[in-house]
Amino acid sequence: MASRGPLPFDPIERAAQLWADRVGPSDTMAAVTSVMRVQQILLSAVDGALRPHGLTFARYEALVLLSFSRRRRLPMRVMGERLQLHPTSVTNIVDRLQNDGLVRRIPHPTDRRATLVEITDTGLGLLEEATKSVTAVDFGLAGLDAEGKSTLFGLLGKIRAASGDFGD
C-alpha cells in the first residue's frame, strides 16, 4: 500500500452511513470493518518492529511461548495448541527458527513419537531485542491508555469466548 497522509474523513464512518441508508442498521458492519482495519494497522506496526530482527509475528510468538515455559521447551503439539495453529504451521515456524539457530529440536525423554522444541541462548537474546522493538511501538496500540487496553482486551475476549476460541 502506498504511503499517504491521513484521509480528511473516516471512510468506515462514511460507509456505515451509506450502509444504514441502503441496507439497514450499520453498527455491526462498522464494528467489524473497524476491527479488520485495526488488525491491518497492528500487523503493520508489529511487522515493522520485528522485520529488522528477521522475525514475523508468528515466529516471535513461538519464541515468547518457549521462553515462558518452565524449562524453555515444549512438545510441538503443545505449541500448536497454545498458539492455536495447525500442526503444519507449527512445523514451518519451527523449521525456520531452527534454520536460524533460534530453537533446536530434541527427542522427548518419555514419548518416542513426540519432539520437544527448545529455545537456544541465541533465540533468547534475539527475543529480548525484538521485545524491546515491539514494546517501543506499543504493539501498535497507539492512542489507548492502560484502561482502554484493558477494555479492548475484555471486549475482544467476549467475542473470542462466544466463538468457542477458549472456554471458561
Side-chain angles (χ1 to χ4, degrees), residues 1 3 31-168:
M1 191 155 112
S3 180
V32 169
T33 304
S34 291
V35 167
M36 298 297 194
R37 177 63 185 132
V38 168
Q39 179 193 20
Q40 293 170 335
I41 292 166
L42 297 178
L43 283 173
S44 178
V46 171
D47 285 348
L50 293 174
R51 190 172 300 112
H53 304 285
L55 293 174
T56 62
F57 189 63
R59 294 175 68 201
Y60 175 77
E61 279 186 307
L63 292 174
V64 170
L65 176 64
L66 290 169
S67 76
F68 284 174
S69 67
R70 246 180 308 140
R71 294 194 170 130
R72 301 197 194 281
R73 67 175 76 139
L74 289 170
M76 287 184 66
R77 177 190 54 77
V78 172
M79 288 181 69
E81 289 170 0
R82 296 203 182 144
L83 294 172
Q84 298 175 309
L85 295 173
H86 187 275
T88 304
S89 296
V90 176
T91 299
N92 186 4
I93 289 167
V94 170
D95 285 348
R96 291 173 185 261
L97 291 171
Q98 185 173 17
N99 289 341
D100 290 343
L102 305 175
V103 302
R104 68 179 143 258
R105 286 179 167 95
I106 56 176
H108 194 287
T110 59
D111 184 353
R112 291 188 340 221
R113 299 166 297 164
T115 299
L116 297 174
V117 179
E118 179 177 66
I119 191 168
T120 64
D121 289 341
T122 302
L124 287 169
L126 182 68
L127 176 60
E128 184 178 337
E129 293 305 312
T131 298
K132 289 176 186 174
S133 295
V134 293
T135 57
V137 298
D138 209 14
F139 282 87
L141 284 177
L144 288 182
D145 60 12
E147 183 179 344
K149 292 171 193 172
S150 178
T151 299
L152 178 63
F153 180 71
L155 291 171
L156 296 174
K158 288 180 182 185
I159 296 168
R160 293 175 53 228
S163 299
D165 197 36
F166 63 93
D168 289 332

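In this text, all values refer to a predicted model and were calculated from it rather than measured experimentally.
- Atom-to-atom distance recorded for T151:OG1 and L155:CG is 6.5 Å, nearest 0.5 angstrom.
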Take R96 and N92 through the side chain to side chain contact (heavy atoms under 4.5 Å, CB included) test and state the conclusion after the steps. CA-CA 6 Å; R96 291 173 185 261; N92 186 4; 3.0 Å; yes
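- Note on residues 73-85: pairs passing side chain to side chain donor-acceptor pair (under 3.5 Å), not counting sequence neighbours, are R73-E118, R77-E81, Q84-D165.
- Counting heavy atoms from C-beta outward, R71 and L116 have side chains that stay 4.5 Å or more apart.
- Contact check for S69 versus I119: no side-chain heavy atoms found under the 4.5 Å cut-off.
- The structure places CG of L65 at 12.0 Å from CZ of R72, a figure rounded to the nearest 0.5 Å.
- Every residue meeting the side chain to side chain donor-acceptor pair (under 3.5 Å) condition with S133, not counting sequence neighbours, appears here in chain and number order: H53.
- Put simply, CG on L144 and CG on D138 are 8.5 Å apart, with the number rounded to the nearest 0.5 Å.
- Inter-residue side-chain proximity for L85 and M79 is flagged as unmet; no heavy-atom pair is nearer than 4.5 Å.
- For the residue pair H108 and P75, the shortest heavy atom distance occurs at CD2-CG, 4.5 Å.
- Rounding to the nearest 0.5 Å gives a distance of 14.5 Å between OH of Y60 and CD1 of I93.
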With a cut-off of 3.5 Å and sequence neighbours excluded, list every side-chain donor-acceptor pair involving residues 41-50.
none

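- The neighbour count for D121 CG, taken as heavy atoms of other residues, nucleotides or ligands under 6.0 Å away, does not exceed 12.
- The only member of V103, L66, T120, V117 that meets side-chain contact (heavy atoms from CB on, under 4.5 Å) when paired with L97 is V103.
- Put simply, the side chain of D100 never gets that close to the backbone of L102: no donor and acceptor are under 3.5 Å apart.
- Side chain of S150 to backbone of A146: no donor-acceptor contact under 3.5 angstrom is found.
- T115 places none of its side-chain heavy atoms less than 4.5 Å from the side chain of V94.
- Using a 4.0 Å cut-off between charged side-chain N and carboxylate O, R105 and D95 make a salt bridge.
- Put simply, the side chain of S67 gets close to the backbone of V64: a donor and an acceptor are under 3.5 Å apart.
- The number of heavy atoms from other shown groups lying within 6.0 Å of CZ (F68) does not exceed 12.
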